[in-house]
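Structure record follows, encoded as structure tokens.
All values reported here derive from a predicted model rather than from experimental measurement. Every chain is numbered from 1, with letters handed out A, B, ... down the list of sequences.
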Number of protein chains: 2
Amino acid sequence: MSIPQPGKQVRGSKTGKPIMALLDLIGRTWALGIIWNLQQGAATFRELQQRCEQISPTLLNTRLKELKALHIIELKETGYQLTSQGQSLIEIIFPLGQWSIQWANELKEQSS
Amino acid sequence: MSIPQPGKQVRGSKTGKPIMALLDLIGRTWALGIIWNLQQGAATFRELQQRCEQISPTLLNTRLKELKALHIIELKETGYQLTSQGQSLIEIIFPLGQWSIQWANELKEQSS
DNA sequence: TATTGTGCTACAGATACTGTAGCATGCTCT
DNA sequence: AGAGCATGCTACAGTATCTGTAGCACAATA
């Protein structure tokens, strides 16, 4: 699967709109999970594998390459970590944690 | 693929944490794309197919079922539309549009 | 009755992901 | 030097997921 670069045709859109490249990227299995788990701080490859519970090393490496190529994460001496762009992305995504809790509660009510 | 319900084990996590169910859900191909395209207002099945450019009807229907089951979208007389929960979700996701534009610009600079 | 538009399904082929094993490299510690 | 251990990462077979084309069943309209 090719890396979804803004300006180019991506999976799901031929327009090259940045949002479509981003949606393609974070719509891939585990991409958001990896970013989410890097919130806790830098992690080595094997640490990340553990944080992500069930990810296969093959896929982890593929996603890491993509995220690196797009400057969302970078590999430093302490391990993989978010770049400043990655940081600003996660600040947007962060409220999802709170939202998901409310959502879970409402689903519980609606089903009872 | 089973529907990722908060409280249950999902793809990528055994803990049942709501955020993990949500990340599983929106990490599936096209899930975010569908939600994003419903911003513009309600759409019939075939309208949605067109907005999503290249989605297969099989997958579109699968995703719609999941999103319906989780009360993020609903089917009304005018077509599929976001529920109030879906609306609040998209308000969180909305800033991604702006972020992606900045990101695209920075990628352009960094590669030149 | 024929046409057009719905929502949706079947199914074969292509693509993406998992899980296990293990390689190559660089440490540290006898 | 040699043995252990941890690192990032790869190979590959098996499985799950997605695409693309065709078309069904139903309803409204002409």
Side-chain angles (χ1 to χ4, degrees), chain A residues 1-4 8-14 20-21 23-38 41-70 72-82, chain B residues 1-4 8-14 20-21 23-38 41-70 72-82:
Chain A
M1 199 156 45
S2 64
I3 296 178
K8 301 199 176 164
Q9 176 172 350
V10 299
R11 196 177 53 155
S13 179
K14 296 171 188 161
M20 287 304 163
L23 289 183
D24 181 4
L25 177 70
I26 67 182
R28 294 181 181 189
T29 315
W30 270 113
L32 267 181
I34 291 171
I35 296 175
W36 191 265
N37 280 314
L38 281 176
T44 64
F45 190 92
R46 298 202 172 193
E47 266 173 51
L48 252 183
Q49 251 184 305
Q50 290 181 337
R51 288 192 196 166
C52 294
E53 294 186 48
Q54 290 157 331
I55 195 170
S56 69
T58 318
L59 183 59
L60 177 55
N61 192 40
T62 309
R63 283 296 104 85
L64 288 175
K65 273 184 195 161
E66 292 167 2
L67 294 170
K68 249 188 300 185
L70 296 169
I72 290 174
I73 64 171
E74 59 193 344
L75 179 54
K76 295 266 179 167
E77 286 173 8
T78 48
Y80 287 95
Q81 62 181 229
L82 294 167
Chain B
M1 200 157 42
S2 65
I3 297 178
K8 301 199 176 164
Q9 176 172 349
V10 298
R11 197 178 52 156
S13 179
K14 295 172 190 161
M20 286 303 163
L23 290 183
D24 181 4
L25 177 70
I26 66 182
R28 294 179 181 190
T29 314
W30 271 113
L32 266 180
I34 291 170
I35 296 174
W36 191 265
N37 280 315
L38 281 176
T44 64
F45 190 92
R46 298 202 172 195
E47 264 173 54
L48 251 182
Q49 251 185 306
Q50 289 181 337
R51 288 191 195 166
C52 293
E53 294 187 47
Q54 290 158 330
I55 195 171
S56 70
T58 318
L59 184 59
L60 177 56
N61 191 42
T62 310
R63 283 296 104 83
L64 288 175
K65 273 183 196 163
E66 292 167 2
L67 293 170
K68 250 189 298 184
L70 296 168
I72 289 174
I73 64 171
E74 59 194 345
L75 179 54
K76 295 264 180 167
E77 286 172 9
T78 48
Y80 287 95
Q81 62 180 230
L82 295 167

With a 4.5 Å cut-off on side-chain heavy atoms, are B/Tyr80 and B/Leu67 touching? no
Of the listed D/dT19, C/dT18, C/dG7, the closest approach to the B/Ser56 side chain comes from D/dT19
Walking DNA chain C from its 5' end, the first of A/Pro57 and A/Arg11 to be reached, judged by nearest nucleotide, is A/Arg11
Of the non-hydrogen atoms in A/Ser2 and A/Arg28, which two are nearest, and what is the gap between them? O-NH2, 2.8 Å
Which whole-number value in Å describes the distance from A/Met1 CE to D/dT17 P? 15 Å
Tell me whether the OP1 or OP2 atom of C/dT6 has a side-chain N or O from B/Tyr80 closer than 4.0 Å. no
Between P of D/dA16 and CD1 of A/Ile55, the distance in whole Å: 18 Å
d(CD, B/Gln49; P, C/dG5) in whole Å: 14 Å
Does A/Arg46 get its side chain close enough to the base of D/dG8, under 3.5 Å, for a donor-acceptor pair? yes
Does the side chain of B/Leu60 reach to within under 4.5 Å of the side chain of B/Trp30, using non-hydrogen atoms? no
Test your reading of the model: is there a side-chain donor-acceptor pair from A/Ser13 to the backbone of A/Gln9, 3.5 Å cut-off? no
With a 4.5 Å cut-off on side-chain heavy atoms, are B/Phe45 and B/Asn61 touching? yes
Which of D/dC9, D/dG20, C/dG7 is nearest the side chain of A/Lys68? It is D/dC9
Under 3.5 Å donor-acceptor, B/Asn37 side chain and B/Gly33 backbone: yes
How close or far is atom P of C/dT25 from atom CZ of A/Phe45, stated in whole angstroms? 18 Å
Taking B/Arg63 for the side chain and B/Ala31 for the main chain, is one N or O donor matched with an acceptor at less than 3.5 Å? no
Expressed as a whole number of angstroms, how long is the span from B/Asp24:CG to C/dT18:C1'? 15 Å
Given DNA chain C, 5'-ward residue of the pair B/Glu47 and A/Trp30, judged by closest heavy atom: B/Glu47
With the side chain counted from C-beta on, respond yes when A/Leu48 and A/Leu38 share a heavy-atom pair under 4.5 Å apart, and no when they do not. yes
Separation of C/dC17 atom P from A/Ile34 atom CD1, nearest Å, is 11 Å
Of residues 58-67 of chain A, the positions that come close to DNA chain D - non-hydrogen atoms, cut-off under 4.0 Å: A/Thr58, A/Asn61, A/Lys65
Compute the bend angle of the helix from C/dT1-D/dA30 to C/dT30-D/dA1 from the end axes (five pairs per end), rounded to 10°. 10°
Donor-acceptor pair, distance only, cut-off 3.5 Å: does the side chain of A/Asp24 make one with the backbone of A/Arg11? yes
Spacing of A/Glu53 atom CD relative to C/dT18 atom C1', expressed in whole Å: 15 Å
